[in-house]
Amino acid sequence: MYSIAGYGNMIADTGRMNAYIQALQQAIKPNSVVLDIGTGTGIFALLACQFGARKVYAIEPSKVIHIAQEIAKNNGYASRIHFIQDLSTQVTLPETADVIISDLRDILPWFKQHIRAIADARQRHLSPGGVLIPQRDTLWAAVVSAQELYSRYSSPWDSNPYGFNMQVAKQQMTNTWGKGLVTPEQFLTEPQSWASLDYTTIENPNVKAELTWNVGQTGTAHGLSIWFDATTAPGIEFSNAPGKPLLIYGQAFFPWSDPVSLVPGDIVSVTIYANLVGDDYIWSWKTHVISQGEREQVKAKFQQSTFFRIENRLP
Ligand SMILES: C[S@@+](CC[C@H](N)C(=O)[O-])C[C@H]1O[C@@H](n2cnc3c(N)ncnc32)[C@H](O)[C@@H]1O
């Protein structure tokens, strides 16, 4: 659940908003019916009215919908926006929509029931030939050197505080990923595109991908930086890449079990999976680092997963 301040931060993110606004403006024709999934404080529904939508269905399960309703009234759009407090997957609408707009992502697009909700909306709520905003997300990853970020995961556990072996706590941390901002100077490999979510066809809420990099830089690697680029409409995009102006999503940092010293020519292979279990994802990332010296040598082998966190191991 988001706070009002959280919804405010989304609206204040002009990089995100501009890409959505341009796509919405382009998609709305006179007489358009628009569906805003996860309306929050109602920003996309209000904009849809401003761009000439005949009718907007604004769906939101949380109580913030009451704020959105008052805002709509105060801006003269109460009669054109029909608010529904529910999940889009539970709602039957009296008509299909010409445009469906949503932003149900978190740091990454695999978040709760996002993909299922979009697939459901496309099948049940979209008119033939209708437009989905966004259209596509593209995922990227790079191996990074991020000592400061990594110390959040390894400190103080790595230094055996007060003489105690507290590695279990570090394992709990390193089987967790979260927001972690990096700069392009921290890349030890080229960024690689590893998945594409085409919302016009997507059905599978899960993902599995295999990535291999030839290391290009000497340095200590601490894990992976992962981010997405979005296409809201053909030619209208925003990017969360390190070095680009920071948007609300940022980048995800997937730590490794231990830092690894890399040199040019080393090969890093990673298999990454996200599997939706109930309302949340189990993320797993398997890493294999091989040095290509006179003879091939395994430098590191890690198998990490949010499934290994203690709460998932308790009966
Ligand atoms: C990231 S906020 C976006 C708010 C606003 N649309 C914006 O872009 O500024 C996502 C919102 O979607 C809502 N939500 C998530 N899944 C939903 C679903 N299936 N149907 C309706 N709302 C949903 C959440 O409660 C949350 O308020």
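Counting starts at 1 for both ligands and their atoms, in listed order. On a predicted model such as this, the values are computed, not experimentally measured, just so you know. Positions are given from 1, in the same order as the sequence printed here.
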Undergrad: Against heavy atoms of T39, which atoms of ligand 1 measure under 4.0 Å?
TA: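 This gives 5 (C), 6 (N) as the contact atoms.
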Undergrad: Check each heavy atom of K63 against ligand 1 and say whether those closer than 4.0 Å belong to the side chain, the backbone, both or neither.
TA: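 None of K63 does.
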Undergrad: Nearest 0.5 Å, please: how far is CG in D258 from CG in D158?
TA: 7.0 Å
Undergrad: Give the numbers and elements of all ligand 1 atoms closer than 4.0 Å to a heavy atom of F44.
TA: 6 (N), 8 (O)
Undergrad: Taking 4.0 angstrom as the limit and counting only heavy atoms of Y7, give me the atoms of ligand 1 inside it, by number and element.
TA: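 Listed by number with element: 4 (C), 26 (C), 27 (O).
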Undergrad: Please give me the minimum heavy-atom distance between I65 and I84, naming the atom from each residue.
TA: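 Closest heavy-atom pair between I65 and I84: CD1-O, 3.3 Å.
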Undergrad: What is the distance from atom OG1 of T232 to atom CG of L132, rounded to the nearest 0.5 Å?
TA: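 If I round to the nearest 0.5 Å, the distance is 12.0 Å.
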Undergrad: Which residue owns the protein heavy atom closest to atom 17 (C) of ligand 1, what's the atom, and how far is it?
TA: L87 CD2, 3.8 Å
Undergrad: Show which atoms of ligand 1 fall inside a sub-4.0 Å distance from at least one heavy-atom site of I37.
TA: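 Answer, ordered by atom number: 18 (C), 20 (N), 21 (C).
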Undergrad: Identify the protein heavy atom lying closest to atom 15 (C) of ligand 1, giving its residue, its atom name and the separation to 0.1 Å.
TA: L104 CD2, 3.8 Å
Undergrad: Look at atom CD of Q50 and say whether more than 12 heavy atoms of other residues, nucleotides or ligands are closer to it than 6.0 Å.
TA: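 More than 12 within 6.0 Å, yes.
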Undergrad: When you check the gap from the basic side-chain N to the acidic O, do R16 and D103 get nearer than 4.0 Å?
TA: yes
Undergrad: Judged on heavy-atom distance to atom 25 (O) of ligand 1, which of R116, E60, K112 sits nearest?
TA: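 Selected option, by shortest heavy-atom distance: E60.
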Undergrad: What's the separation between atom OH in Y281 and atom CG in L276, rounded to the nearest 0.5 Å?
TA: 4.5 Å
Undergrad: Checking ring-ring contact (aromatic ring centres under 6.0 Å, His included) between F254 and each of Y273, W177, F302, W227, which is the one that passes?
TA: W177
Undergrad: Going from CD1 on I272 to CD1 on I226, what distance comes out if it is rounded to the nearest 0.5 angstrom?
TA: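 Between I272 CD1 and I226 CD1, I get 3.5 Å after rounding to 0.5 Å.
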Undergrad: What part of I43, side chain from CB on, backbone N/CA/C/O, both or neither, has a heavy atom under 4.0 Å from ligand 1?
TA: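 For I43, only side-chain atoms sit under 4.0 Å from ligand 1.
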Undergrad: Does any non-hydrogen side-chain atom of I282 lie less than 4.5 Å from one of S305?
TA: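 Heavy-atom side-chain distance check passes, below 4.5 Å.
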Undergrad: Indicate the atoms forming the closest heavy-atom contact of S196 with R136, along with that distance.
TA: OG-CD, 3.3 Å
Undergrad: Determine whether any heavy atom of R16 lies closer than 4.0 Å to an atom of ligand 1.
TA: yes
Undergrad: Kindly confirm or rule out an N or O of D103 lying under 3.5 angstrom from an N or O of ligand 1.
TA: no
Undergrad: With a 4.0 Å heavy-atom cut-off (strictly under), which part of Y2 contacts ligand 1: side chain, backbone, both or neither?
TA: side chain
Undergrad: As a check for students: among G8, G38, P61, identify the option with a heavy atom nearest to atom 5 (C) of ligand 1.
TA: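 The option holding the nearest heavy atom is G38.
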Undergrad: Quick one: does D36 get an N or O within less than 3.5 Å of an N or O on ligand 1?
TA: no
Undergrad: Should you measure from each heavy atom of A117, which atoms of ligand 1 turn up under 4.0 Å away?
TA: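 The list of qualifying atoms is 19 (N).
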Undergrad: In Å, rounded to the nearest 0.5 Å, how long is the span from OG1 of T138 to CZ of F228?
TA: 10.0 Å
Undergrad: Going by the atom numbers of ligand 1, which of them fall below 4.0 Å from some non-hydrogen atom of M10?
TA: 1 (C), 2 (S), 3 (C), 4 (C), 9 (O)
Undergrad: Would you kindly specify which portion of S88 sits under 4.0 Å from ligand 1, judged on non-hydrogen atoms: side chain, backbone, both or neither?
TA: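 The answer is both.
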